[in-house]
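Only one structure is covered here, and it is reproduced in the block below.
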Amino acid sequence: LDALRQQFAALEAAPSTPPIVHPAWVRQKLERLEDLLRRDPVRARAEIAKHLDGEMTLTPRPSDAKE
C-alpha cells in the first residue's frame with residue numbers, strides 16, 4: 001500500500017502537458033454550445049459546469065447580428 005501511495009504521489013507531482021486539440025474541433029464545440037445556450041440555457045449551464053471547479057454566472061448580452 002505504501003508503494004502505491006508513493007507511486008500516486010509521484011504521478012500527482014509530475015508535470016502534465018495539456019492535450020493538443022485541433023482548432024476546428026474547438027470551433028465545432030463552441031458552435032454547439034452557442035446553439036444550446038439559445039435553445040436551453042439551463043442545460044447549457046449544466047454542460048459547462050461539468051468542466052468547471054467553481055461557480056459560474058451567465059449574463060445574456062444583446063446580439064450583434066442584425067435580424
Side-chain angles (χ1 to χ4, degrees):
L1 188 57
D2 286 335
L4 289 175
R5 286 186 179 132
Q6 289 175 354
Q7 288 177 359
F8 184 69
L11 288 172
E12 284 187 321
S16 63
T17 56
I20 297 172
V21 180
H22 195 278
W25 182 85
V26 174
R27 276 191 294 278
Q28 179 186 33
K29 295 296 180 183
L30 289 173
E31 288 170 3
R32 287 182 183 170
L33 179 58
E34 184 177 6
D35 181 54
L36 184 59
L37 280 166
R38 290 175 190 204
R39 288 185 293 111
D40 189 349
V42 174
R43 185 167 159 227
R45 181 183 177 123
E47 289 298 318
I48 294 169
K50 290 179 186 178
H51 305 283
L52 299 177
D53 290 333
E55 290 292 317
M56 176 183 67
T57 302
L58 296 178
T59 305
R61 297 184 328 178
S63 174
D64 292 337
K66 297 186 181 183
E67 295 178 24

F8 and side-chain contact (heavy atoms from CB on, under 4.5 Å): which partner among Q6, R5, E12?
E12

A44 and L37: which non-hydrogen atoms are nearest, and at how many Å?
CB-CD2, 3.4 Å

Output side-chain donor-acceptor pairs under 3.5 Å for residues 27-34, partner residues at least two apart or in another chain, one line each.
{"unit_1": "E34", "atom_1": "OE2", "unit_2": "R38", "atom_2": "NH2", "d": "2.7"}

Show me the side-chain donor-acceptor pairs of residues 46-53 shorter than 3.5 Å, one per line, residues at least two apart or across chains.
{"unit_1": "E47", "atom_1": "OE1", "unit_2": "K50", "atom_2": "NZ", "d": "3.3"}
{"unit_1": "E47", "atom_1": "OE2", "unit_2": "K50", "atom_2": "NZ", "d": "3.1"}

